[in-house]
Novice: 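Quick one: the structure is below, questions incoming.
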2 protein chains.
Amino acid sequence: MNKFKEIYADLEKKILSGEYPSNTLLPSEKQLSEMYNVSRETIRKALNLLINTGLIQKKQGKGSIVLDLNRFDFPISGLTSFKELKDSQKIDSVTKVIEIKKVAVSPTLSEKTGWPVASEAWKLVRTRTINGEPAIIDIDYLDANIVPVLPEKKVSQSLYDFLEIDLGLEISYAQKEITVENVTKEVRDLLELTLDDNHVVTVKSLVYLADTSCFEYTESIHRLDKFRFVDFARRRKV
Amino acid sequence: MNKFKEIYADLEKKILSGEYPSNTLLPSEKQLSEMYNVSRETIRKALNLLINTGLIQKKQGKGSIVLDLNRFDFPISGLTSFKELKDSQKIDSVTKVIEIKKVAVSPTLSEKTGWPVASEAWKLVRTRTINGEPAIIDIDYLDANIVPVLPEKKVSQSLYDFLEIDLGLEISYAQKEITVENVTKEVRDLLELTLDDNHVVTVKSLVYLADTSCFEYTESIHRLDKFRFVDFARRRKV
DNA sequence: AAGTGGTCTAGACCACCCC
DNA sequence: GGGTGGTCTAGACCACTTG
């Protein structure tokens, strides 16, 4: 592994374990570069990762302050970025595969993904049950050129582990949109909604590989009372 | 301004104007460093900003690919990070100040913000009307030690412009949480909800300055049919 | 004045892609 | 093999904080 990633991982571990408590300063960049026997720029790359994950905040002339991340059950552990997916994995949840089949790409889907109409895609429908109550429906469409096989056993555990570990795909970035939509009868049944619940939260994502090809379109449908999205955002000045 | 920020701004402008069209390659880092007369590491810092905003994707051995950002009306222009706030400003909207007064910090608020109980804070309630329809209620609490004055005229335009430009505050980062909550009578009236609308989307944010002090807590309450949150996320492997 | 982080450089070597 | 991005270095100068 790269030096700066190793240093990042080490510092993260020490922050989470309390060795560097929140609201205290990390050792200075100069000290860290001596401690790890690397140049200062390498230390700075590691610190930048900590900044991006919201673990520290730097102050010129002062130092690197360890942030307190317990205000909102902050989604920590470096597993962020596709947070709502990961979050649902952390809780005690059961995944059930409702449907898994190859379909022809419809014009609607083609417009979103850029895949040719009538080319092959996997359609995967799963429900996530949390503490015995159905909470989420995930509808995934995957480019069958990129994902040739899709074993039911694997996707009932973790789709992303299968894609990254078994298939070796390098998932890189996603565009996503969160809205609230009217519930359809099918969704109402799957989520066991009562009659006065007419809405669901829908998270639509387009997911891309490192080579910029779009390989997945997902709609993740959440019961209102089960939905929660937590984010850390840095102010971006232009 | 710093060299790398200037270069970032220049490249962003050229990408948005179509001078570097999507799905083409930028000049190589070596070429760019010669074009701008800077070292390669400086170019790489500028490119990192473009990566974070989702404008380009790099590929080792290949180059920097300009991404296509029109899939979801991608929230572009460097104004991201507090996106939902900005988005609502872009649309043709009217802000109305409902309430603006100093209050004593309650135990509940103190727990969220860390401000001492009974210390002074501003409470600011505003509604945002989009195309004639009430869409959002913003309830802001601001630390009165950091924000001594709060002119109604200013906050009916842009609270953040007032804080950053007039007061010179350096807003740095935020933790936020999106959930769906039951509607209260007060909210129902302000948002002019019909009787079968029982929920609203609530975005709760804790906002921090560069010196890591928390100066603002906000609840932004959205009508379900008016809510939309768009995000660009990079996969973070650890 | 001393120490901190912020920026920038010139050069090195490596991994990857493509011809 | 030549070009690309990825990592790393040693050193420089600047801006900011603190005593």
Side-chain angles (χ1 to χ4, degrees), chain A residues 1-11 20 23-52 55-67 168-170 172-173 209-213 234-238, chain B residues 1-11 20 23-52 55-67 168-170 172-173 209-213 234-238:
Chain A
M1 194 159 40
N2 307 323
K3 290 188 186 178
F4 77 95
K5 284 183 186 162
E6 271 175 24
I7 294 168
Y8 164 74
D10 191 55
L11 291 173
Y20 296 130
N23 297 315
T24 65
L25 293 176
L26 289 185
S28 74
E29 294 180 352
K30 187 164 178 296
Q31 287 173 321
L32 287 170
S33 69
E34 285 160 2
M35 286 163 61
Y36 288 99
N37 265 306
V38 297
S39 74
R40 194 176 143 222
E41 284 288 358
T42 301
I43 291 294
R44 286 176 59 75
K45 281 182 187 166
L47 294 182
N48 274 336
L49 294 179
L50 293 173
I51 290 173
N52 286 336
L55 283 164
I56 66 167
Q57 167 80 5
K58 295 216 274 191
K59 196 77 205 296
Q60 196 172 154
K62 202 69 179 302
S64 301
I65 303 161
V66 179
L67 294 182
L169 296 179
E170 199 181 340
S172 182
Y173 59 97
L209 300 179
D211 66 1
T212 76
S213 59
R234 286 203 171 264
R235 180 77 160 159
R236 193 173 280 152
K237 311 231 174 85
V238 183
Chain B
M1 191 154 48
N2 307 324
K3 289 188 186 177
F4 77 96
K5 284 184 187 162
E6 270 175 24
I7 294 168
Y8 164 73
D10 191 56
L11 291 173
Y20 294 131
N23 296 314
T24 65
L25 293 175
L26 289 184
S28 73
E29 295 180 351
K30 186 163 177 296
Q31 287 173 322
L32 288 171
S33 68
E34 285 160 2
M35 287 163 60
Y36 288 99
N37 265 306
V38 295
S39 74
R40 194 177 142 221
E41 285 286 359
T42 302
I43 291 295
R44 286 175 60 75
K45 282 183 186 164
L47 294 183
N48 274 336
L49 294 179
L50 293 173
I51 290 174
N52 286 336
L55 283 164
I56 65 168
Q57 168 79 6
K58 295 217 273 191
K59 195 76 205 297
Q60 197 172 153
K62 199 72 178 302
S64 300
I65 302 162
V66 179
L67 294 183
L169 295 179
E170 199 181 340
S172 181
Y173 60 97
L209 300 179
D211 66 2
T212 75
S213 60
R234 285 203 170 265
R235 181 77 161 158
R236 194 173 280 153
K237 315 227 174 87
V238 182

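Within every chain, numbering begins at 1; the chains are lettered A, B, ... in the order of the sequence lines, protein sequences first and strands thereafter.
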Novice: Check the distance between D:dG5's P and B:L50's CG and give it to me in whole angstrom.
Specialist: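 After rounding, the gap between these two atoms is 13 Å.
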Novice: Nearest 0.5 Å please: distance from the NZ atom of A:K59 over to the CD atom of B:E170.
Specialist: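 The NZ atom of A:K59 sits 7.0 Å away from the CD atom of B:E170.
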Novice: Roughly how many Å is it from CD1 in A:I65 to P in C:dG5, rounded to a whole number?
Specialist: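 Checked: the CD1 to P distance equals 10 Å.
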Novice: Please report the interatomic distance OG1(B:T42) to CG(B:N2), rounded to the nearest 0.5 Å.
Specialist: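 B:T42 OG1 to B:N2 CG: 10.0 Å, rounded to 0.5 Å.
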Novice: Output the single nucleotide from C:dT7, C:dT9, D:dA15 whose closest atom is nearest the side chain of A:Q60.
Specialist: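 Looking only at side-chain atoms, A:Q60 lies closest to D:dA15.
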Novice: Between A:E34 and A:K30, does any NZ, NE, NH1 or NH2 come within less than 4.0 Å of an OD or OE carboxylate oxygen?
Specialist: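 Looking at A:E34 together with A:K30, the answer is yes, because their closest N to O distance falls below 4.0 Å.
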Novice: From C:dC17, C:dG5, D:dT4, pick the nucleotide closest to the side chain of B:S28?
Specialist: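 Per side-chain heavy atoms of B:S28, the pick is D:dT4.
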Novice: Do the side-chain N or O atoms of A:T42 get closer than 4.0 angstrom to the phosphate oxygens (OP1, OP2) of D:dT7?
Specialist: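 For A:T42, the contact criterion (side-chain N or O under 4.0 Å from OP1 or OP2 of D:dT7) is not met.
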Novice: Between D:dT7, D:dT18, C:dC8, which nucleotide gets closest to the side-chain atoms of A:K62?
Specialist: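 That would be D:dT18.
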Novice: Does the side chain of A:K3 get closer than 4.0 angstrom to OP1 or OP2 of D:dT9 through an N or O atom?
Specialist: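 Yes, A:K3 has a side-chain N/O under 4.0 Å of OP1/OP2 on D:dT9.
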Novice: In whole angstrom, give the distance that lies between atom CD1 of A:I51 and atom C1' of C:dG6.
Specialist: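 About 11 Å, once rounded to whole Å.
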Novice: When the nearest nucleotide of DNA chain D is assigned to A:V38 and to A:G61 on a heavy-atom basis, which residue is associated with the more 5' position?
Specialist: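 Counting from the 5' end, the first nearest nucleotide belongs to A:V38.
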Novice: B:K45 NZ to C:dA10 C1': how many Å, rounded?
Specialist: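 Taking atom C1' of C:dA10 as the reference, NZ of B:K45 is at 14 Å.
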Novice: Determine: side-chain N/O of B:S64 to OP1/OP2 of D:dT4, distance under 4.0 Å, yes or no.
Specialist: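 The answer is no; no side-chain N or O of B:S64 sits under 4.0 Å from OP1 or OP2.
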Novice: Do the side-chain N or O atoms of A:K58 get closer than 4.0 angstrom to the phosphate oxygens (OP1, OP2) of C:dT4?
Specialist: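 The answer is no; no side-chain N or O of A:K58 sits under 4.0 Å from OP1 or OP2.
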Novice: Look at A:R44 and C:dG6 and indicate whether a side-chain polar atom (N or O) is within less than 4.0 Å of OP1 or OP2.
Specialist: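 Looking at the OP1 and OP2 atoms of C:dG6, one of them is under 4.0 Å from a side-chain N or O of A:R44.
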Novice: Take the protein atom CD1 of A:I43 and the nucleotide atom C1' of C:dT7, then report the distance between them rounded to whole Å.
Specialist: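 The distance from CD1 of A:I43 to C1' of C:dT7 comes to 17 Å, rounded to the nearest Å.
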Novice: Rounded to whole angstrom units, what separation is found between the CG atom of B:D211 and the C1' atom of C:dG5?
Specialist: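 Distance, rounded to whole Å: 16 Å.
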Novice: Rounding to an integer number of Å, can you tell me how far A:L32 CG sits from C:dG6 C1'?
Specialist: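 About 16 Å, once rounded to whole Å.
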Novice: In whole angstrom, what separates A:L26's CG from C:dG3's C1'?
Specialist: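 Interatomic distance, CG of A:L26 to C1' of C:dG3: 16 Å.
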Novice: Let me know which of B:L50, B:L49, B:L55, B:I43 forms a side-chain contact (heavy atoms from CB on, under 4.5 Å) with B:L11.
Specialist: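 Exactly one option meets the side-chain contact (heavy atoms from CB on, under 4.5 Å) with B:L11, and it is B:L50.
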Novice: I want to check one thing: is the phosphate of C:dC16, taken as OP1 and OP2, less than 4.0 Å away from some side-chain N or O of B:K59?
Specialist: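 No, B:K59 has no side-chain N/O under 4.0 Å of OP1/OP2 on C:dC16.
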Novice: Which listed nucleotide (C:dC18, C:dG5, D:dC8) is nearest to the side chain of A:F4?
Specialist: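 The answer is D:dC8, which lies nearest to the side chain.
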Novice: When only distance counts, do a donor and an acceptor, one from the side chain of B:E41 and one from the base of D:dC8, lie under 3.5 Å apart?
Specialist: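 Check passes, donor-acceptor contact within cut-off.
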Novice: So which one's nearest nucleotide on DNA chain C is more toward 5', A:R40 or B:R40?
Specialist: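 With B:R40 and A:R40 compared, the 5'-side residue is A:R40.
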Novice: With side chains defined as the heavy atoms from C-beta onward, is the minimum distance between B:V66 and B:N23 less than 4.5 Å?
Specialist: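 The answer is no; the side chains never approach within 4.5 Å.
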Novice: How about B:L32 and B:I7: do any of their side-chain heavy atoms sit closer than 4.5 Å?
Specialist: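 Counting from C-beta outward, B:L32 and B:I7 never come under 4.5 Å.
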